[in-house]
Q: 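Structure below; questions to follow.
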Amino acid sequence: MSVQFKILIGILFTAATVIVMLIYWAAEDARMANYTASFEGRAIQAGAESYELYCATCHGEHGDGIVGKGPPLNRKDLLDLKNTPYLKAIQWNGTTHDFIKNTIAAGRPQFSAYYANEGYTEHMPTWSQDYGGPLRPDQVDSLTAFVLNWAPGEFDPIVAIVTPTPGPTPTPIPLDQLYATIPFPASPPSEDILNAGKAIYDKNCAACHGEGLGGDGPGATGAVKPRNFTDCTAMEAFDMGQHHNAVVNGKTATGMPAWGPRLSDEEIWQVIMYERSPCKLYVPQ
Amino acid sequence: MGLFNRQIKKKPADENGKPKAGAPADGHDTNGHDANGHAEDVAQTDGDTGGELFQVQTRETRSQRFVGFVREKSPHAIKELVPWVERARSTPEGRTEFVEKTKEVAWQQADNTVRAITAGMGIADTRAFFRGDPAIEKPNPRYKVHVNAFFAHIRPKYYEKSSTKFSHTWGLGYLSFYMFMLETITGVILMVFYTPSDRRAYEDIVKIMTEVPFGQLMRDLHRVGAELMVLIVVLHMTRVFLTGSFKPPRTFTWLTGVVLLILTFALSFSGYLLPWDQLAYWAVTIGTSMAKSVPPKEIVGYLSNLIMRGGDTINQNGLLRFYLMHVFALPALTVVLISVHYYRVARTHGISVPAGEEESPDPAVRKAAKERIDYLPELFTRELLWAAIATFLVIAYSAWIFHAPLQEHSDPLNTPLHTTAPWYFLWIQGLLKDAFVLPAIRAVDYGLNQGLIALGIQTAEGFENNPMVCLVCGYDSPAWQGVIIPTMIIPALFLGVPYINEWWEKFWGSKPSRQLLKNRKGTVLVAIVSTIFMLVIWYQGTPFYGVTAPPAVEIGQAFMPAEGVLPPVPLVPDDWGVVRRLGYNNLPDGEYNLADYAVPSQSNTEFERMLSAIQQEIQRRGQLWAEGDKVHGLPNPTGTFLIEQFQQNGLKRIELQVRWDPKIVTPSDNGEYNRIIFLHENSLYK
């Protein structure tokens, strides 16, 4: 074989390789999409195997629940990923995927108030090896994928779902009486009180309400944004009574905890004063 | 700047500024070591004293200043043209001369540039090189390349002609190095996307296949390359044996080759674990379980197992260890060994010429065999051609035919049925089944015991338990079959070959010869016997030999295996069974009594034909039972095939129920077996 002939054939093969790569490239996006779907499907299959083995005894063969043992999973209120009525009712701020995954992984240490009328005899145990259960992390993931693959409402819930009854709403205290309970001169508050308030705020509140009081802390991930204390128009409509009530009792629908049991009265007032300082909406003189 | 000008600046010029006609190019000019010339030249050009510098500004015209500036600052090539510029301005002939001179200088410039790039070959010779013409300068500029360029210096200047015949070498040594490079390149790319963690490894492989463009191709190429590398290295070794090239002076090269074979196995095997799927986990568990049996077990076996796996079983520690072996320690060792191996081939003794020609009685043949063939361009272009063909073949094969297997996530609690080692280790798995030594020892035991019983020393009841005559009791099968014999095979079959051969020659007093059937009958006999033995134990390593799962389980495994089944041969993709291949859309819901499908007809759908195949397999098991095969047969087996829509969003539950007469096979046998798989609409198993 002459050198020129070898070079020619070599170039032809190189060109053929390039053509193969181009053809492959043209089909690559579609292939990746197919494979993504395929591996999601395989995860669901693996989840189905785990479900039959571990979950079906309590939650029913088709996720339709067993009375007295386990609630149904294959339900509209849980698997309605858009409106998430169940998650709202139990005040879960994350996604349905995270809720299911965390519940499988860590179990339920106490009975859900949602199913108070069920009379279950057993707690949901922890399933992930991370929490002492038998399943590997990838098995928890595939089980989650399997549960999420149910068409919502494929089976009607066989137990009635109860919505938790809200506790008695505290009657608002008249502002005059409220002002009288402030344990320090507050019109306007002294610099020391604001500093003390800032210290408490930075420790307890800044994670959600933001270091600069802007309602933009890293913990502000829920659907309802935390209050922005620098927005003075909104703050004017938010009087001291509402503010005090929100801090002491929390706001159950939004993830704002009740601070009444955790902070002293004086600390609560210090925080309120600090939070109202950007708009200077203190006790009227 | 000086790089391209070296040759020009040193050309001696006569008084007219014309270079001396035909001044030979000094060989040293081009090799880049003569940097001082530059400095001298510059010193001559502007070597005037400082006194004259005063007058430059005032006395010179603008054009003179320009010429002076050009003289001072321009490259030597331009400087050389300056006298011709002046001549061109004064006479018409000067213009023609100027053009000619410019061409000459430009050519020289280009030529020097090419010489710098090719490490010694000028334009004319580069052209001749690609045309396949002989070298046109003397001394041969293509040899100069071997002195000047790093990569070419690794290669010899020329080979002996017969040693490069394709039918002699089959290019196998080159191809194994090609595969090593392919593995390195694809491996480094895969490393970017991989984390050696038991939590992330499998997920990362899935991501490589689903989210990385060309990720699957890289993985397939890496796998194809690995299997081919083992195959080619083994073939290369076979070729070296057959052509007698292991004999002196090449014995040490053969030894390094044996080490490279072991390294190739180790590289391939350590990479086996990294996908962290069931296949990886259990194949490597089998492979490393042999380490446990290294005698003395309590110390060496225990420690080597602990060191390899990083624990009693393979876990995160073991994965990290295998990863580091695979990407760092073993490749580094392999590079060193390849260097030694190649250096000896290239510099010490060359590739052997065919034995028939080397030992020919005809001096003309012997002389012709040793005729020189230059590496550049003959062999270089041949190697490039092979690389191009090999690249095309592996890429086309991985793109369309072969896909690297990926089973389910590894599960230490669940061993898949018929787990095997990789194909190149099946022979060890075959040894572990112990088909020869154990029966022999048992036979001896049996004979001794029968003798003792006949003599009345021992009762028939004490048969198995008498340590005095129980040789089996002292026989550690995994240690012998998994460790001692395989480690002895390596030195005996490979390391020992040159020495067995030499000894054989001395023993018979025969004249040493490299020809296969001439005075080498001993080694050839050993080789044939060993090859047959290796093939037998390789076969014994496959699931076809000596493994009996219960028959109903085998029926389920045949049609709906738990994992993809890897054939015991290289370069064949895994198979997930006919049910999954048929696919979600071709499996209609319902309950099918398989007895209704006993006879397939032409009009049947593919699904119905599959049911017929299952029914025929069930009937075959019944037939076997009727014929008295109690191991593989089942009494009156029947089958039901159930397909249920398990979730509306594309998930089916597929169940094969096999029923047979209970309490016949064993007293506790309940006579039923169910194999259940789930199949999602989007899952691809083809």
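Letters A, B, ... mirror the listed sequences (proteins, then strands); counts begin at 1.
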Q: Within the supplied structure, the quantity of interest is the number of heavy atoms (other residues, nucleotides, ligands) at a distance under 6.0 Å from B:Tyr158 OH; does it exceed 12?
A: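 Atom OH in B:Tyr158 is not packed in, count stays at 12 or less.
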Q: Can any side-chain N or O of A:Ser38 pair as donor or acceptor with the backbone N or O of B:Leu684 at less than 3.5 Å?
A: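 A pair under 3.5 Å: yes.
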Q: Is it the side chain or the backbone of B:Trp400 that comes within 4.5 Å of chain A heavy atoms, both, or neither?
A: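 The answer is the side chain of B:Trp400.
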Q: Counting heavy-atom pairs under 4.5 Å to chain A, which of B:Ala387, B:Ala399, B:Gly215 comes out on top?
A: B:Ala399
Q: Given heavy-atom pairs under 4.5 angstrom as the criterion, report whether the side chain, backbone, both or neither of A:Ser2 touches chain B.
A: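 Contact with chain B involves no heavy atom of A:Ser2 at all.
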Q: Go through it in stages, so that I can follow the logic: the residues are A:His62 and B:Glu644, the test is side chain to side chain contact (heavy atoms under 4.5 Å, CB included), and I'd like the CA-CA distance, side-chain angles, deciding distance and then a yes or no.
A: CA-CA 12 Å; A:His62 290 284; B:Glu644 180 193 352; 3.0 Å; yes
Q: By a 4.5 Å heavy-atom criterion (distance strictly below it), what part of B:Glu211 contacts chain A: side chain, backbone, both, or neither?
A: backbone
Q: At a 4.5 Å cut-off on heavy atoms, which part of B:Leu384 comes close to chain A: side chain, backbone, both, or neither?
A: neither
Q: Backbone N or O of B:Glu378 within a donor-acceptor pair of the A:Lys6 side chain at under 3.5 Å?
A: yes
Q: Which answer fits B:Leu406, side chain, backbone, both or neither, if we ask what part of it has an atom under 4.5 Å from a heavy atom of chain A?
A: both
Q: Tell me, please, which residues at least two apart from B:Arg155 pass salt bridge (Lys or Arg N to Asp or Glu O under 4.0 Å).
A: B:Glu383
Q: Show the nearest heavy-atom pair for residues B:His680 and A:Ile44, with the distance to one decimal.
A: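 Closest approach of B:His680 to A:Ile44: NE2-CD1, 3.7 Å.
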Q: Counting only heavy atoms not in A:Glu211, do more than 12 fall under 6.0 Å of its CD?
A: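 Not buried by this count: 12 neighbours or fewer within 6.0 Å.
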Q: Got a list of side-chain donor-acceptor pairs under 3.5 Å for residues 127-135 of chain B, not counting sequence neighbours?
A:
unit_1, atom_1, unit_2, atom_2, d
B:Arg131, NE, B:Asp133, OD2, 3.1

Q: Quick one, A:Glu52 with B:Ile676, criterion side chain to side chain contact (heavy atoms under 4.5 Å, CB included). Give me CA distance, side-chain angles, the key distance, then yes/no.
A: CA-CA 10 Å; A:Glu52 279 218 323; B:Ile676 300 157; 4.3 Å; yes
Q: Would you list the pairs meeting side chain to side chain donor-acceptor pair (under 3.5 Å) in which at least one residue belongs to residues 14-28 of chain A, sequence neighbours left out?
A: A:Glu28-A:Arg31
Q: Measuring heavy-atom distances to chain A, does B:Ser398 have an atom under 4.5 Å in its side chain, in its backbone, in both, or in neither?
A: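 Interface part for B:Ser398: neither.
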Q: How close do B:Phe646 and A:Glu61 get, counting heavy atoms only, and between which atoms?
A: CZ-O, 3.7 Å
Q: A:Ile9 versus chain B, heavy atoms under 4.5 Å apart: side chain, backbone, both or neither?
A: both
Q: Between A:Gln45 and B:Ser683, is there a side-chain donor-acceptor contact under 3.5 Å, judged purely by atom types and distance?
A: yes
Q: Which region of B:Leu393, side chain (C-beta onward) or backbone (N, CA, C, O), has a non-hydrogen atom less than 4.5 Å from a non-hydrogen atom of chain A, or is it both or neither?
A: neither
Q: What option among B:Trp386, B:Phe678, B:Tyr685 has the most heavy-atom pairs under 4.5 Å with chain A?
A: B:Phe678
Q: Any side-chain to backbone donor/acceptor pair from A:Asn149 onto B:Gln647? Under 3.5 Å, distance only.
A: no
Q: How far apart are the closest heavy atoms of B:Asn682 and A:Ala37, and which atoms are they?
A: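 Looking at all heavy atoms of both residues, the closest pair is CB-O, 3.5 Å.
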Q: Measuring heavy-atom distances to chain B, does A:Glu40 have an atom under 4.5 Å in its side chain, in its backbone, in both, or in neither?
A: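 Contact with chain B involves no heavy atom of A:Glu40 at all.
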Q: Could you grab the distance from atom OG1 of B:Thr210 to atom CZ of A:Phe39, nearest 0.5 Å is fine?
A: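 It is 7.0 Å, given to the nearest 0.5 Å.
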Q: Tell me, side chain or backbone of B:Phe380 under 4.5 Å from chain A's heavy atoms, or both, or neither?
A: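 Interface part for B:Phe380: neither.
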Q: Would a 4.5 Å heavy-atom cut-off, applied to side chains only, mark B:Phe214 and A:Met21 as touching?
A: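 Answer yes - side chains close enough.
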Q: I need the minimum non-hydrogen distance between B:Glu408 and A:Ala46, along with the two atoms involved.
A: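 Smallest interatomic distance, heavy atoms only, reads OE1-CB, 4.4 Å.
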Q: How close do A:Val20 and B:Ala396 get, heavy atom to heavy atom, and via which atoms?
A: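 Scanning both residues, the minimum pair turns out to be CG1-CA, 4.3 Å.
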Q: Side chain, backbone, both or neither: which part of A:Ile23 has a heavy atom under 4.5 Å from chain B?
A: side chain
Q: Who in residues 135-148 of chain A is close to chain B, using a strict under-4.5 Å heavy-atom cut-off?
A: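 Listed by number: A:Arg136, A:Pro137, A:Asp138, A:Phe146.
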Q: What are the two closest non-hydrogen atoms of A:Val3 and B:Pro377, and how far apart are they?
A: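 Closest heavy-atom pair between A:Val3 and B:Pro377: CG2-CG, 3.8 Å.
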Q: Which bit of A:Asn34 comes within less than 4.5 Å of chain B, counting heavy atoms only: side chain, backbone, both or neither?
A: both
Q: To the nearest 0.5 Å, tell me how far A:Phe5 CZ sits from B:Leu385 CG.
A: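 Spacing of CZ (A:Phe5) from CG (B:Leu385) equals 9.0 Å.
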Q: So which of B:Thr391, B:Val212, B:Val206, B:Ile389 has the biggest tally of heavy-atom pairs under 4.5 Å with chain A?
A: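 When all of B:Thr391, B:Val212, B:Val206, B:Ile389 are compared, B:Ile389 has the most.
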Q: Tell me, for B:Arg199 versus chain A, whether the close heavy atoms (under 4.5 Å) come from the side chain, the backbone, both or neither.
A: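 Interface part for B:Arg199: side chain.
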